[in-house]
Amino acid sequence: MAIQLFETLRITNRSQALSFAEQTGISFHLLKYYNDNNILPSISEIESIAKISGISKSVLMLSMGIISTELMEELAINAIKIGDLLKVDNKPGLQEKTELKPQLVTSYGSLFQADCNTVLQSMPDNSVDLIFADPPFNLNKQYPSNMNDNLIEKEYLAWSEKWIDECIRVLKPGGSFFLWNIPKWNTYLSDYLNQRLTFRHWITADIKYSLPIQGRLYPSHYSLLYYCKGKKPNYFNSDRLPMEICPKCKGDLKDYGGYKDKMNPKGISMTDVWYDIPPVRHTKYKKRKGANELSIKLIDRILEMASQPGDVVFDPFGGSGSTYVVAELKERKWIGVEIGPVDDILARFQEIESERPLLSKYRNGYNRLFTAESAIDRKKRGLWTDESFNTLKPLLLDF
Ligand SMILES: C[S@@+](CC[C@H](N)C(=O)[O-])C[C@H]1O[C@@H](n2cnc3c(N)ncnc32)[C@H](O)[C@@H]1O
C-alpha cells in the first residue's frame, strides 16, 4: 500500500504544506497535485524535497510505491538485508513458535518481556475474562524500550488494529475489553471496535495529560472504552461512590434539596465521567521514572466492575505493572507483557504488600454515602450524614 507524498513528509495540514512549498520553491498546487495523484516529483524537485525534509529519494519512492529500474537494482543488490529487516518469513504459521519464558511467575500470574503480539499469538482462543490495554499514545514520548512513539497516523492505527484483533480472539465470549487512550485515537478505535464487539461505555477520566495548547482547549480527559464480546458481559458490578464534599469545609458540593433523607446510604450511582482518579505524578508514589503509570484506583475499579476472583486478566502493555499488582492483590489470574525493561515491575512485586493498604483505602471508600473519615468530620462540624435521619426510608433516590 502506497503512502501519499504529504504523509511521507509528515505534512498534516495546509499551512505546513504552504510553508514546505515556500522552502522547496515548488508551488503548493503542484505538491498537492503530486500528493493527490501519487505522482513522483521531477528529479530536481526530489533533490530539493530531500534537502529540506532530510528524506532521501529512495525512501520517498518506496513510501509512494514507485519503483524505478534503478531502485529495483538497488533492492536486488540488498535483497538479503532487506528480507531480514522486513521479517517477511516470520509471519505466524511460517515460523517455528518462539519459546516464551516468563520473567516472573507469581501465585496468580506470569510476566513476559516480549512484544505483546508474540505473546498474544501463543494464547488460545477464548481464554481471557478481562483485557485492559493502555498502549503508547504515539505522542513522541521516550520509553525505556526506545520504541518508536512517533508513527505515521496510518501505521499507528494499523498496529493498534493488529493487537486489538488478537485481543478479541483471546477474549472469552462475554469477556470485557477496556481500552485507555487519548480521545483522538479512541475515536478511530471505537469505530473499529463497534464492528467487532458490543459497545458498553465511553468513560471519561478527568485527568490533564498535556500542557495547555495555544488556540486549542486544554486537553483534560482520557477516554476509557468499555466493550464486551457478544451481547452481554458475563459479569458486571458497579461500585457506588461517596457523595462529593468540599475538601476544605466538608460541606455539600451539590444541592440535594429536601431529598437528603431519601438518599441511598450505599452512595451515589457511578456515572461514565470519573473525576476521582488521581494522576500518578508525585515521585514518592511513582513506581518507575518517566510518565504513564496509572493509578491502582483506576485498575481496581475496572477489575471490580468486570471480573471476579479467579478470572483471567490480560494487559498487553505492562509499563510499571499497575494492572498486574492489582490483579495479584485482588486474586485474579493475570498475564502480563512489557516490551521494554521489566526491572521496575519485578521490584514492585518484591514489595507488593506495601501497596495493599492504599488499595484497601480506595476500596473502603466505596458503597457508602460518606467515607468513615468524612462522616466523622461532618459530624464534628454539625453537618448532616445519612445517620442524621431516623425516619424509615420509603424511597431510595438514585443519584
Ligand atoms: C502507556 S505505558 C503502560 C503503563 C501502564 N499501564 C502502567 O500503569 O504502568 C505503555 C507501555 O507499553 C510498552 N509497549 C509498547 N509497545 C509494546 C509492545 N508491542 N508489546 C508490549 N509492550 C509494549 C511500552 O514500553 C510502555 O511501557
Side-chain angles (χ1 to χ4, degrees), residues 116-117 120 123 125-139 153-207 209 217 219-241 268-277 294-295 297-308 311-317 322-323 326-327 332 334-335 366 398-399:
C116 62
N117 282 315
L120 273 160
M123 290 165 61
D125 298 355
N126 308 323
S127 55
V128 172
D129 296 282
L130 184 152
I131 296 177
F132 171 77
D134 169 22
F137 305 145
N138 206 34
L139 291 176
E153 203 161 301
K154 269 191 201 157
E155 280 174 6
Y156 179 73
L157 292 172
W159 172 76
S160 304
E161 288 170 7
K162 186 174 167 197
W163 65 258
I164 287 175
D165 280 347
E166 277 297 286
C167 282
I168 294 173
R169 179 184 65 75
V170 302
L171 196 61
K172 285 183 190 170
S176 297
F177 179 80
F178 291 87
L179 173 54
W180 177 265
N181 211 321
I182 55 174
K184 172 180 169 176
W185 299 125
N186 269 359
T187 55
Y188 291 101
L189 299 176
S190 64
D191 184 39
Y192 190 74
L193 285 163
N194 285 340
Q195 294 160 47
R196 290 157 179 84
L197 296 175
T198 304
F199 174 78
R200 299 269 300 160
H201 290 287
W202 173 297
I203 297 163
T204 292
D206 177 14
I207 305 175
Y209 62 85
L217 296 178
S220 291
H221 78 273
Y222 286 89
S223 147
L224 176 64
L225 292 176
Y226 170 19
Y227 282 80
C228 71
K229 187 165 170 178
K231 279 196 184 136
K232 273 194 348 197
N234 289 338
Y235 181 77
F236 176 73
N237 166 48
S238 169
D239 283 319
R240 298 184 75 94
L241 297 175
I268 315 281
S269 299
M270 175 137 2
T271 73
D272 53 11
V273 182
W274 295 357
Y275 289 105
D276 60 335
I277 303 298
L294 293 177
S295 161
K297 185 173 191 182
L298 173 76
I299 309 294
D300 169 62
R301 182 171 297 172
I302 292 168
L303 297 201
E304 194 72 20
M305 183 153 59
S307 74
Q308 301 182 79
D311 280 357
V312 179
V313 172
F314 174 63
D315 179 342
F317 304 102
S322 307
T323 307
V326 177
R332 271 68 170 168
W334 57 271
I335 301 164
Y366 291 120
D398 258 355
F399 285 99

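From a predicted model like this one, the values you see are computed outputs, not experimental measurements.
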Walk me through whether W185 and S160 qualify under side-chain contact (heavy atoms from CB on, under 4.5 Å).
CA-CA 10 Å; W185 299 125; S160 304; over 6 Å; no
Given the rule in the side-chain contact (heavy atoms from CB on, under 4.5 Å) test, do L139 and I182 qualify, once you have shown the distances and angles that lead to the verdict?
CA-CA 10 Å; L139 291 176; I182 55 174; 3.9 Å; yes
Using the side-chain contact (heavy atoms from CB on, under 4.5 Å) rule, take L179 and I131 through it: C-alpha gap first, then chi angles, then the decisive distance, then the call.
CA-CA 8 Å; L179 173 54; I131 296 177; over 6 Å; no
List the steps and the verdict of side-chain contact (heavy atoms from CB on, under 4.5 Å) for D206 and V273.
CA-CA 7 Å; D206 177 14; V273 182; 5.6 Å; no
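Taking 4.5 Å as the limit, every side-chain heavy atom of N181 sits out of range of all side-chain heavy atoms of S223. The shortest side-chain heavy-atom distance between W163 and P135 falls under the 4.5 Å cut-off. With a 4.5 Å cut-off on side-chain heavy atoms, M305 and F236 count as touching. Two residues are said to be in side-chain contact when any heavy atoms from C-beta on lie closer than 4.5 Å; M123 and F314 meet this criterion. Contact check for S307 versus F132: no side-chain heavy atoms found under the 4.5 Å cut-off. In this structure, the side chains of I164 and L193 come closer than 4.5 Å at one or more pairs of heavy atoms.
Between L225 and S190, the closest heavy-atom pair is CD1-CB, 3.7 Å. Of all heavy-atom pairs spanning L130 and L303, the tightest one is CD2-CD2, 3.8 Å. Scanning all heavy atoms of the two residues, the minimum distance from P316 to C167 falls at CG-SG, 4.4 Å.
The backbone N or O of P173 lies less than 3.5 Å from a partner atom in the side chain of N234, making a donor-acceptor pair.
Identified under the salt bridge (Lys or Arg N to Asp or Glu O under 4.0 Å) test for residues 219-231, with sequence neighbours left out: none. Within the structure, the salt bridge (Lys or Arg N to Asp or Glu O under 4.0 Å) test picks out the following pairs touching residues 174-187 (sequence neighbours left out): E153-K184. For residues 165-174, the pairs satisfying side-chain hydrogen bond (donor to acceptor under 3.5 Å, both in side chains) are D125-R169, D129-K172, D165-Y192, E166-R169, with sequence neighbours left out.
Residues forming a ring-ring contact (aromatic ring centres under 6.0 Å, His included) with Y222 (at least two apart in sequence, or on another chain): F137, W180, Y209. Shown here are the side chain to side chain donor-acceptor pair (under 3.5 Å) partners of D300, two or more places apart in sequence or in another chain: K330, R363. Considering only residues two or more places apart in sequence or on other chains, F178 meets the ring-ring contact (aromatic ring centres under 6.0 Å, His included) condition with Y226. For D134, the side chain to side chain donor-acceptor pair (under 3.5 Å) test picks out no residue, with sequence neighbours left out. In terms of the ring-ring contact (aromatic ring centres under 6.0 Å, His included) criterion, W274 has no residue partners (sequence neighbours excluded). Not counting sequence neighbours, E161 has no partner by the salt bridge (charged side-chain N to carboxylate O under 4.0 Å, His left out) test. For T187, the side-chain contact (heavy atoms from CB on, under 4.5 Å) criterion is met by W202, not counting sequence neighbours. Considering only residues two or more places apart in sequence or on other chains, S176 meets the side chain to side chain donor-acceptor pair (under 3.5 Å) condition with none of them. For Y275, there are no ring-ring contact (aromatic ring centres under 6.0 Å, His included) partners, not counting sequence neighbours.
Interatomic distance, CG of L157 versus OH of Y188, reported as 6.5 Å (0.5 Å rounding). Note that OH of Y235 is 15.0 Å distant from SG of C228, once rounded to the nearest 0.5 Å. Here L120 contributes atom CG and I335 contributes atom CD1; the two are 9.0 Å apart, rounded to the nearest 0.5 Å. Separating the OG1 atom in T323 from the CD1 atom in I299 is a distance of 3.5 Å, to the nearest 0.5 Å. In this structure, the separation between CG on D276 and CD1 on I207 is 9.5 Å, given to the nearest 0.5 Å. The CG atom of N126 sits 12.0 Å away from the CD1 atom of I168 when rounded to the nearest 0.5 Å.
Applying the side chain to side chain contact (heavy atoms under 4.5 Å, CB included) test between L224 and each of D272, T204, I203, I277 identifies I203 as the sole match.
At a cut-off of 3.5 Å, with distance as the only test, no side-chain donor of Y227 or R196 sits close to an acceptor on the other residue.
Using a 4.0 Å cut-off between charged nitrogen and carboxylate oxygen, R301 and D239 do not count as a salt-bridge pair.
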